[in-house]
Amino acid sequence: MTDSSESSGTSEDKAGTASSVEPEPEAGTVTEPEPATAPATAAGPVPAAGSGIAPTAFLEVRDLQVHFPTDDGLVKSVDGLSFALEKGKTLGIVGESGSGKSVTSLAVMGLHRASRQQRSKVRMSGEIWLDGKELVGAEPDEVRRLRGREMAMIFQDPLSALHPYYTVGQQIVEAYRVHNDVDKKTARKRAVEMLDRVGIPQPDKRVDDHPHQFSGGMRQRAMIAMALVNNPELLIADEPTTALDVTVQAQILDLIRDLQKEFGSAVVIITHDLGVVAELADDLLVMYGGRCVERGPAERIFATPQHPYTWGLLGSMPRIDRDQTDRLIPVKGAPPSLINVPSGCAFHPRCPYADVPKDNLTRTVRPELGQVDGGHFSACHMAPQERERIWTEEIAPKL
Amino acid sequence: MTETTDDESQNTPADGPGDAASPAASDAEPLLRVRGLMRHFPITKGLLKRQVGAVQAVDGIDFDVYPGETLGVVGESGCGKSTMGRLITRLDEPTGGSIEFEGKDITHLSTGRLRPMRRDVQMIFQDPYGSLNPRHTIGGIIGTPFRLQGVEPEGGVKKEVQRLLELVGLSPEHYNRYPHEFSGGQRQRIGIARALALKPKLVVADEPVSALDVSIQAQVVNLMDDLQDELGLTYVIIAHDLSVIRHVSDRIAVMYLGKIVELSDRASLYASPLHPYTKALLSAVPVPDPKRRTERDRILLKGDVPSPINPPSGCRFRTRCWKATEVCTTTEPPLVALRTGHQVACHHPEPVTGEPAAAGGAGGKESTGGHA
Ligand SMILES: Nc1ncnc2c1ncn2[C@@H]1O[C@H](COP(=O)(O)OP(=O)(O)OP(=O)(O)O)[C@@H](O)[C@H]1O
Ligand SMILES: Nc1ncnc2c1ncn2[C@@H]1O[C@H](COP(=O)(O)OP(=O)(O)O)[C@@H](O)[C@H]1O
Ligand code: SF4
Ligand code: SF4
Ligand SMILES: [Mg+2]
Ligand SMILES: [Mg+2]
């Protein structure tokens with residue numbers, strides 16, 4: 001199905017012409033049951049890419065594909081991903097390392113195509129709609145103007161986002177003045193205010209510090225201050241707390257939650273930690289091998305997860321909120337290479353139930369997302385009754 | 001520094017009842033006995049390398065490790081966990097205190113005299129990528145300990161390495177492969193195989209799973225568990241993840257800024273932590289259950305961990321503690337047993353029989369405000 005994107009030339013001429021990509025059967029099946037007027041949510045239906053119809057959701061990603069040609073072969077980092085997000089809501093994206101989470105977030109931010117050099121190394125297709133504007137086909141300059149103002153990003157490693165040479169204040173001032181026509185003094189006042197807002201003690205003094213004079217947690221806060229200085233309507237946080245201790249993590253998650261409440265932004269939080277998404281997310285999207293294997297309202301996915309991979313994630317983690325278990329239930333094997341994604345269901349080499357669906361279906365046909373019940377989707381060949389039985393009899397009692 | 005405190009803790013009989021330095025029911029001799037352990041890294045200045053201060057990475061800690069048990073060590077980044085691990089394996093030399101292994105003082109043994117003990121005590125490192133030499137084959141890496149120790153295993157090194165590979169769930173055919181051909185979880189298994197080569201008695205694992213994905217973490221945790229049963233290993237497992245620590249440990253030491261602030265049986269610690277810091281740590285662990293986010297009383301600590309170069313006087317946690325009073329500034333609280341198998345170093349510990357939940361609420365209220 002990716003033939004078209006592989007055979008076409010550069011990403012540049014590819015980008016805008018999402019219509020050349022064949023619509024995914026996935027999108028077709030999921031749209032059906034919902035009335036056309038229903039507001040799209042991360043859990044809800046997402047129309048096929050190529051429809052070109054502006055969505056009603058604030059952020060909507062349709063059949064996104066991000067492939068990187070390399071010497072070893074084509075890396076299909078993201079291979080047909082769709083989701084939607086409303087303002088004021090938080091979407092959590094979880095998955096193992098290398099499942100395509102960061103590539104997805106960089107795609108939304110337009111960062112794979114920011115420079116000519118990057119553009120020549122990536123093949124992107126599909127649609128990303130932000131507030132009625134389509135970004136995959138948009139001019140990189142146009143996307144750059146949105147970046148920092150309408151959408152902002154928090155990275156895992158704050159040092160990669162903060163310049164070591166400039167003071168924290170200078171960097172926040174710069175970020176503010178790019179999008180606001182104000183004098184330096186006003187901008188500095190704004191920087192101090194933001195540092196205060198994210199809980200930096202003595203912000204009027206610390207504003208003149210260099211990043212290396214901040215602790216890890218403070219740098220993370222400074223980066224959040226910088227990301228939020230223009231009140232972005234979309235905030236993408238990619239593993240914002242992975243490098244931090246739990247006590248600092250709790251502070252940062254609280255901060256993101258408060259700020260979202262105050263500004264009503266849409267937030268995408270990317271993490272491999274199911275605990276972190278459970279703290280923040282309204283909706284959840286589970287990624288495996290560059291694709292979504294399960295998505296829906298967070299409460300429902302945690303209460304009745306449908307996909308064997310999601311079961312695996314839940315069984316692998318020791319839980320402090322449950323009675324001590326004797327043994328963890330790991331997922332066997334290792335995550336797939338995105339150059340050679342297993343045929344059929346990408347999870348089949350690791351799935352204990354790969355032989356449950358008949359006729360070797362699991363290894364030959366790729367399962368598409370199907371609706372479980374209102375807003376909850378899963379991509380697995382097992383029949384619903386079978387999944388239900390395995391979940392209640394075999395999985396749930398052991399968690 | 002506070003000599004009295006160290007002396008006091010040293011006086012506590014290590015195997016007496018109610019002493020958390022020992023597991024409640026054990027009369028056995030400890031495998032490892034640590035008293036007043038200290039590691040200060042000197043900070044020097046100028047050409048003459050005049051010492052102007054010290055990083056008090058580990059500053060007077062006492063604990064015992066008993067045969068067959070797992071002692072977990074938790075604490076935030078920089079609190080001295082890894083330094084402690086390097087000291088008890090004698091990869092580094094203490095600047096104070098003592099370490100006894102099987103009753104023998106190894107605190108200051110020279111490299112040569114340490115050699116026999118090196119067989120018995122092994123370390124597993126955090127980084128499955130950095131700790132394996134990329135230019136050596138797996139066979140070479142796992143076989144190194146035999147060469148270093150001049151040991152010829154029965155049936156030869158190759159055969160023994162292949163047996164070890166199977167033991168940790170890898171294929172003996174991997175013998176001639178290189179580390180880059182393996183995933184993170186597999187590399188960690190290689191590190192474990194190398195640590196087990198000489199049939200050690202004590203294995204110190206520094207963040208053995210924190211660089212791995214959750215699904216892979218569980219594989220390695222289960223493997224370490226099986227190996228402990230099979231080979232009768234004793235573990236000291238260092239980690240910052242409180243859920244992992246609860247899963248793997250029999251007893252747990254909580255560290256803060258170079259000190260052990262609480263040392264307890266697992267059940268007692270998680271059911272009712274006595275130290276405010278432990279309480280805050282436990283309350284901060286994210287729980288994979290969205291329904292619980294509203295019910296939880298989270299204690300948000302203010303600010304950051306102070307520098308170990310200039311730790312606060314008295315109790316080191318006082319700059320972030322919502323219960324701190326005058327005495328916390330002036331006097332360092334000693335580590336004392338308040339319950340059987342549960343020691344804590346705090347002037348105002350949580351009520352020993354109290355409802356943890358009720359106390360958490362009060363603490364939460366006073367201590368929020370990490371940000372305005
Ligand atoms: N060789 C050294 N020279 C000077 N200071 C050091 C040295 N090694 C460690 N330290 C300092 O000692 C303190 C304790 O470090 P250590 O590595 O033991 O922390 P840790 O608890 O293992 O932290 P983490 O969870 O981040 O691994 C830190 O302040 C560290 O910077
Ligand atoms: N610029 C690039 N060129 C080639 N491959 C890439 C590039 N960026 C990411 N990848 C690959 O894409 C896959 C997904 O990466 P990423 O989205 O960073 O994973 P994660 O889910 O851990 O954030 C990985 O296999 C990664 O190696
Ligand atoms: S489709 Fe088959 S292999 Fe994939 S998750 Fe379902 S049962 Fe497992
Ligand atoms: S001794 Fe004082 S400052 Fe230290 S933890 Fe106890 S109450 Fe808090
Ligand atoms: Mg990533
Ligand atoms: Mg460490």
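Protein chains get the first letters and strands the later ones, always in sequence-line order, with residue 1 at the start of each.
Proximity to chain A is limited to the side chain of B:D225, based on heavy atoms less than 4.5 angstrom apart. For a residue to count as touching a neighbouring chain, one of its non-hydrogen atoms must lie under 4.5 Å from one of that chain's; by this rule B:V221 touches chain A with the side chain only. The contact between A:R257 and chain B is made entirely by side chain atoms (from C-beta outward), counting heavy-atom distances below 4.5 Å. Using a 4.5 Å cut-off between heavy atoms, A:T247 touches chain B through backbone and side chain atoms alike.
In plain terms, the two heavy atoms of A:V276 and B:P286 that are nearest each other are N-CB, 3.8 Å. In terms of heavy-atom proximity, B:A284 sits nearest to A:V246 at CB-O, 3.6 Å. The two residues B:E76 and A:V248 make their nearest non-hydrogen contact at OE2-CG2, 4.3 Å. For the residue pair B:S215 and A:S316, the shortest heavy atom distance occurs at CA-OG, 3.4 Å.
Note that CG of B:D241 is 11.0 Å distant from CG of A:D245, once rounded to the nearest 0.5 Å. Residue A:D321 holds its CG atom at 6.0 Å from CG of B:D289, rounded to the nearest 0.5 Å. Interatomic distance, OG of B:S243 versus CG of A:L328, reported as 10.5 Å (0.5 Å rounding). Between the CG atom of A:D273 and the CG atom of B:D213 there is a distance of 11.5 Å, given to the nearest 0.5 Å. With rounding to the nearest 0.5 Å, the separation of CZ in A:R319 from CZ in B:R246 is 10.5 Å.
Between B:N222 and A:P330 there is a side-chain heavy-atom pair separated by less than 4.5 Å. For the pair B:P288 and A:M317, the minimum side-chain heavy-atom distance is below 4.5 Å.
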*Would you sort out whether B:R266 and A:Q324 count as a side-chain contact (heavy atoms from CB on, under 4.5 Å), showing the intermediate values?*
CA-CA 10 Å; B:R266 164 176 71 194; A:Q324 180 85 27; 3.2 Å; yes

Applying side-chain contact (heavy atoms from CB on, under 4.5 Å) to A:E279 and B:R298, what does each step give before you reach the verdict? CA-CA 12 Å; A:E279 295 284 334; B:R298 171 164 299 144; 3.1 Å; yes

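Checked against salt bridge (Lys or Arg N to Asp or Glu O under 4.0 Å), A:E299 has no partners two or more places apart in sequence or in another chain.
Among residue pairs with one or both ends in residues 325-341 of chain A, those qualifying as side-chain hydrogen bond (donor to acceptor under 3.5 Å, both in side chains) are A:R327-B:D226; sequence neighbours excluded.
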